[in-house]
Amino acid sequence: MSEFIITTYDWVPELPRGYVRDLRLRWAMEEAKLPYRVESTPFHDRGPEHFAKHPFGQIPWLTHNGQTIFESGAALLYLGEQSEHLMPRNQAGRFAVTQWVFGALNSMEMASVPWSLFKFSGTDNDQSGFGMFDNFLGNRLTHLESFIGDKHWLNDQFSIADILMVDVLRLIDRFDGLSAYRKCRALKERGEARPAFVKAHADQLAQFQAANG
């Protein structure tokens with residue numbers, strides 16, 4: 001199988017290290033044991049070549065067989081098609097995973113990102129309007145908690161949907177946002193305990209640390 005290339009930033013500030021979204025692709029590669037390497041693009045001075053690969057000037061993007069795919073969710077769906085370790089081969093299984101890919105991105109991450117920005121900036125107080133976003137996220141977590149129940153993963157087997165959901169939950173838990181959601185936190189911890197995650201996370205941290213010179 002031809003090599004996959006993940007492109008991420010050459011450097012990021014210390015605060016987001018370990019949470020940059022190329023981690024999702026690294027993790028998937030390690031789970032499926034797909035051949036890959038990581039390339040970098042400047043964090044500063046993003047030029048036309050960067051925007052040609054990612055229209056919003058973000059990362060990651062995935063390159064394989066001459067094709068470039070931007071957005072982590074789209075890249076994970078592509079990787080899911082490459083390995084049954086990431087997504088089932090049967091149609092029902094694929095749709096079950098795909099709906100949770102969108103659930104993680106559209107329902108959970110959409111609620112978690114504005115909430116986390118308040119937390120990052122230290123403006124999570126009553127006067128800032130934070131309460132509305134806190135309630136929004138709490139509602140989503142309550143429903144997710146109910147769905148998880150006694151499940152080990154979102155579907156019958158570990159998949160790219162779990163990679164996305166665990167990564168979304170990691171950012172929430174960074175600010176102790178899962179303290180009232182025991183099953184959501186347990187799902188996150190099961191994901192973080194997987195050897196593929198441990199390696200992918202360590203590799204990302206090492207890359208950005210090395211960039212400090």
- Query: Within 45° of the ring axis of F43 and under 6.0 Å from its six-membered ring centre, is that where the NZ or CZ of R46 lies?
  - Reply: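 Judged by the rule, R46 and F43 form a cation-pi pair.
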Looking at [Y] and [X], is any side-chain nitrogen of the basic one under 4.0 Å from a carboxylate oxygen of the acidic one?
X    : Y    : answer
R170 : D167 : yes
K53  : E49  : no
D176 : R185 : yes
E39  : R37  : yes

Pairwise distance [atom1]([X]) to [atom2]([Y]) - rounded to 0.5 angstrom:
X    : Y    : atom1 : atom2 : result
M110 : F136 : CE    : CZ    : 4.0 Å
L205 : H201 : CG    : NE2   : 4.5 Å
F133 : S128 : CZ    : OG    : 9.0 Å
D22  : L62  : CG    : CG    : 11.5 Å
L105 : M165 : CG    : CE    : 8.5 Å
K151 : L187 : NZ    : CG    : 11.0 Å

- Message: So that I know where these two stand, are W100 and F95 an aromatic pair - ring centroids less than 6.0 Å apart?
- Response: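 No, the ring of W100 stays outside the 6.0 Å limit from the ring of F95, centre to centre.
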Exceeds 12 heavy-atom contacts within 6.0 angstrom, atom [atom1] of [X]:
X    : atom1 : answer
D45  : CG    : no
D156 : CG    : no
F102 : CZ    : no

Within the distance-only criterion (no hydrogens, no angle test), does the side chain of [X] pair as donor or acceptor with the backbone N or O of [Y] below 3.5 angstrom?
X    : Y    : value
R89  : E81  : yes
H64  : L79  : no
E109 : A104 : no
D162 : L154 : yes
E31  : H85  : no
Q157 : E84  : yes
S116 : V113 : yes
N135 : G131 : yes
E192 : F197 : no
N125 : Q127 : yes

Classify the angle between the aromatic ring planes of [X] and [Y] as parallel (below 30°), tilted (30 to 60°) or perpendicular (above 60°).
X    : Y    : value
F4   : Y78  : perpendicular
H54  : F56  : perpendicular
F175 : W115 : perpendicular

Closest approach of [X] and [Y], non-hydrogen atoms and distance?
X    : Y    : value
L25  : A75  : CD2-CB, 3.7 Å
P35  : S2   : CG-O, 3.8 Å
R174 : P16  : NH1-CA, 4.3 Å
A96  : N155 : O-ND2, 3.4 Å
H50  : Q58  : NE2-O, 3.0 Å

A side-chain contact here means heavy atoms from C-beta on lying under 4.5 Å apart; do [X] and [Y] qualify?
X    : Y    : value
R140 : V168 : no
V97  : P88  : yes
I59  : F70  : no
L169 : I172 : yes
T41  : T8   : no
S112 : L137 : yes
F158 : I163 : yes
D134 : F118 : no

- Item | Trace of the side-chain hydrogen bond (donor to acceptor under 3.5 Å, both in side chains) decision for R21 with S72 | CA-CA 7 Å; R21 291 175 182 169; S72 61; 5.4 Å; no
- Same apolar cluster: V38 and W27, side chain cutoff 4.5 Å: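 Yes: a chain of side-chain contacts under 4.5 Å links V38 to W27.
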- Query: Under 4.5 Å between side-chain heavy atoms, hopping through other hydrophobics if needed: is there a path connecting L34 to L76?
  - Reply: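 Yes, same cluster.
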- Determine, step by step, whether W61 and T68 satisfy the side-chain hydrogen bond (donor to acceptor under 3.5 Å, both in side chains) criterion, reporting the C-alpha distance in whole Å, the side-chain angles of both residues, the deciding distance to 0.1 Å, and the verdict. CA-CA 7 Å; W61 65 80; T68 298; 5.3 Å; no
- Message: Tell me which one of R194, E30, R26, M29 satisfies side chain to side chain contact (heavy atoms under 4.5 Å, CB included) with K199.
- Response: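 Exactly one pass, corresponding to E30.
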